[in-house]
Structure formats: structure tokens, C-alpha cells
Amino acid sequence: EDIPKCPICCEDLDLTDRSFKPCKCGYQVCLWCYKDINEKLNGRCPACRTPYKDQAPAK
Ligand SMILES: [Zn+2]
Ligand SMILES: [Zn+2]
């Protein structure tokens, strides 16, 4: 009942999605939407507008 859902596509977040924290503000999206945001929506967190790139650990 209490399965968290992706706020963008409304799909249930699986374990991988749930351990994936794209933004330090805590706004969680599924990996699918994360990709989509990076490819089509200028790669910013929908909640706080921080670019995801800026938060990615250095390669
Ligand atoms: Zn999603
Ligand atoms: Zn954020």
C-alpha cells in the first residue's frame, strides 16, 4: 500500500529506484524519468531546479 511512486510518471518505484537519489533535495524520480529529464528537460531537478549534473560525483 505504501509503495512510493514516481511523481512524474506515477509508476511504483522499485528497489533500485528507491536507492537512487538523483538530487540532494530528496526529490525522487524513477530512473526512466531521470533519463528523460536529462535528455529532454535540460537535466534539472523538477523540485529545486538544481542541475543534476552539478550533483553527480566526479567520474
Ligand atoms: Zn517516473
Ligand atoms: Zn532537487
Side-chain angles (χ1 to χ4, degrees):
E1 287 170 26
D2 229 20
I3 299 170
K5 291 186 191 298
C6 171
I8 296 176
C9 65
C10 293
E11 293 290 327
D12 292 350
L13 294 172
D14 65 21
L15 276 178
T16 313
D17 293 330
R18 271 183 267 167
S19 60
F20 173 65
K21 302 268 192 329
C23 183
K24 57 189 165 195
C25 78
Y27 188 81
Q28 223 168 4
V29 299
C30 68
L31 289 167
W32 180 260
C33 289
Y34 176 73
K35 257 188 218 165
D36 224 45
I37 289 168
N38 274 318
E39 283 168 16
K40 300 173 194 164
L41 301 171
N42 70 28
R44 284 170 188 269
C45 170
C48 67
R49 317 305 294 171
T50 303
Y52 284 147
K53 273 186 213 130
D54 288 3
Q55 313 192 64
K59 277 186 189 158

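Atoms considered below: every heavy atom in the structure, side chains included; atoms not considered: hydrogens, waters and symmetry mates. Atoms within each ligand, like the ligands themselves, are counted from 1 in listed order.
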For R18, the side chain to side chain contact (heavy atoms under 4.5 Å, CB included) test, sequence neighbours excluded, returns P4, L13, L15, Q28

Between the OH atom in Y34 and the SG atom in C23, the distance rounded to the nearest 0.5 Å is 10.0 Å

Which is it for W32 and C9 under the side-chain contact (heavy atoms from CB on, under 4.5 Å) test, yes or no, and what are the steps along the way?
CA-CA 9 Å; W32 180 260; C9 65; 5.5 Å; no

For residues D36 and L41, determine if any side-chain heavy atom of one lies less than 4.5 Å from a side-chain heavy atom of the other. no

Review point. Which protein N, O or S atoms sit under 2.8 Å from the Zn ion (ligand 1)?
Key: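 Per the 2.8 Å query on the Zn ion (ligand 1), atoms found are C6 SG, C9 SG, C30 SG, C33 SG.
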
*Take the Zn ion (ligand 2) as the vertex and measure to SG of C45 and SG of C25; round to 10°.*
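So the angle at the metal works out to 110°.
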
Check: Which angle, to 10 degrees, forms at the Zn ion (ligand 2) with SG of C48 on one side and SG of C23 on the other?
Finding: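 About 110° at the Zn ion (ligand 2).
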
Given the rule in the side-chain contact (heavy atoms from CB on, under 4.5 Å) test, do I8 and Y27 qualify, once you have shown the distances and angles that lead to the verdict?
CA-CA 11 Å; I8 296 176; Y27 188 81; 4.1 Å; yes

*Within 6.0 angstrom of K5 NZ, more than 12 heavy atoms from elsewhere*: yes

Exercise. Check whether any side-chain N or O of D12 sits under 3.5 Å from a backbone N or O of I3 as a donor-acceptor pair, and report yes or no.
Key: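 No, D12 side chain to I3 backbone: no donor-acceptor pair under 3.5 Å.
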
